[in-house]
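Only one structure is covered here, and it is reproduced in the block below.
We name chains A, B, ... by the order of the sequence lines, and we start the count at 1 in each one.
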2 protein chains.
Amino acid sequence: MRSEMPVKRPANPLALAVLGVLLEQPMHPHAMATAFRERQMDSAFKLTTGSLYDTVRALARDGWIEATDTEQVGGRPMRTVYRHTSDGQRWFTEWLDEIVREPSREYPRFLSAVSYLGVLGKQRAAQALRERAAALQARVSEGEQAYRAAREEHKAPRLFVIEAEYARAMLQAEMQWVLRTAEEIEQGTLEWPEVSPHA
Amino acid sequence: MRSEMPVKRPANPLALAVLGVLLEQPMHPHAMATAFRERQMDSAFKLTTGSLYDTVRALARDGWIEATDTEQVGGRPMRTVYRHTSDGQRWFTEWLDEIVREPSREYPRFLSAVSYLGVLGKQRAAQALRERAAALQARVSEGEQAYRAAREEHKAPRLFVIEAEYARAMLQAEMQWVLRTAEEIEQGTLEWPEVSPHA
DNA sequence: GACACCTTACTCGGATCCGAGTAGTAGGAT
DNA sequence: ATCCTACTACTCGGATCCGAGTAAGGTGTC
């Protein structure tokens, strides 16, 4: 009897990474952290030890993964090794499918700031947007280097670094919008009603 | 003597909205909630009563805003009315400037899911991507309607609805990437190494 | 061989986020 | 007059997130 996917699906992208790395082999949390750092996965999620242990515990509580055994090497702290439960692997695939199919509501900081662009005034808004564009360009370049290293030096297939292609596409789209808007402000084609900074 | 912007800048976009709405006039939290709902600002942040009161308290604690007085209408619960502090308004502008200039690290769910596209298998991945594209298109259409209503019926200047233009640009960029990738999978131009679903 | 420093592996507590709950009022229907 | 529903305005507690802390073992060095 195949059981239903747990109702609880952790919001933290770190949970996805934990389930992903456990596909390779059972592992204790500290080993996961080491693996994530080695692979420089810090663009997909934020890795902090506190969150990692919490996430692992939550996944275990909700039946995605389970502790196999606790081992001790020397006099060091105990390790608890986790692996997918018998259903966990199938659930993971289902959950992935769901995340891909259904865009989730997210609230990027920049979106809410854009609403108040008027408060900054023309000059300052245009200048800030240009600085943002430069910072975005820097990120694109960084990502590009990492991408090339993975593809050429490590001979990684495109599928394995596809998230970098997605990240680049989104950064470039944002950059274009930001630059276009800065230009519109400077050229006066974006009508700029005088906002009284509170009456 | 002009004091420094507080080190604590709430991560929650709701904080930005609170500071924004207080530019118009001093207000108690419940009135803010009503204003946010009326203006359908739910694409920029998530409004829950709990978070609202927490956010307002945090902003007051850190000196952005302050309570003016507590009033009571009839036998209803007390209201606490808040307004910007003498520095609050300037800090708000500075903070906005900072948010616009410096892209923040954020971790959208989809980005982390894309890394594991391989796990879904070719057919399922392509199908899921196509469904996502359709959902994104639906959001674009919804946004478009709201945008037109604001522009044409309410005669809003572009600057006041500029965040909708940004949101649309980003949704369209994502949609294009998603569709292009689905096509590449179907046409076999995206090399698909057989992933053993755990050895 | 003693001191300093890095690594291993995890715990703890504070801050934040959020849905559900509470408690009183107002307005309308029966 | 009484009930019912909806609104007003806020509190509470659980879940999550995260940086700092802890404690023991290994490694190098003079």
Would you mind checking if [Y] and [X] are paired as a salt bridge, meaning a charged N to carboxylate O distance below 4.0 Å?
| X | Y | answer |
| --- | --- | --- |
| B:R109 | A:E106 | no |
| A:R83 | A:E66 | yes |
| B:E24 | B:R39 | yes |
| A:R90 | A:E94 | yes |
| B:E186 | B:K122 | no |

Check the distance between [N]'s [atom2] and [X]'s [atom1] and give it to me in whole angstrom.
| X | N | atom1 | atom2 | answer |
| --- | --- | --- | --- | --- |
| B:M27 | D:dA9 | CE | C1' | 15 Å |
| B:Y82 | D:dA9 | OH | P | 14 Å |
| A:L14 | D:dC18 | CG | C1' | 11 Å |
| B:R79 | C:dG24 | CZ | C1' | 14 Å |
| B:H30 | C:dA23 | NE2 | P | 18 Å |

Check each residue of residues 31-56 of chain A for a non-hydrogen atom within less than 4.0 Å of any atom in DNA chain D, then write out the ones that pass by number, or none.
A:K46, A:T48, A:T49, A:G50, A:S51, A:D54

From the options D:dC17, D:dA15, C:dT11, select the nucleotide whose nearest atom is closest to the side chain of A:A11.
D:dC17

Please list, chain by chain and in numerical order, all residues satisfying ring pair (Phe, Tyr, Trp, His ring centres under 6.0 Å) with A:F92, sequence neighbours excluded.
B:Y116

Any side-chain N or O of [X] under 4.0 Å from OP1/OP2 of [N]?
| X | N | answer |
| --- | --- | --- |
| A:R57 | D:dA15 | no |
| A:N12 | D:dT16 | no |
| A:R61 | D:dT16 | yes |

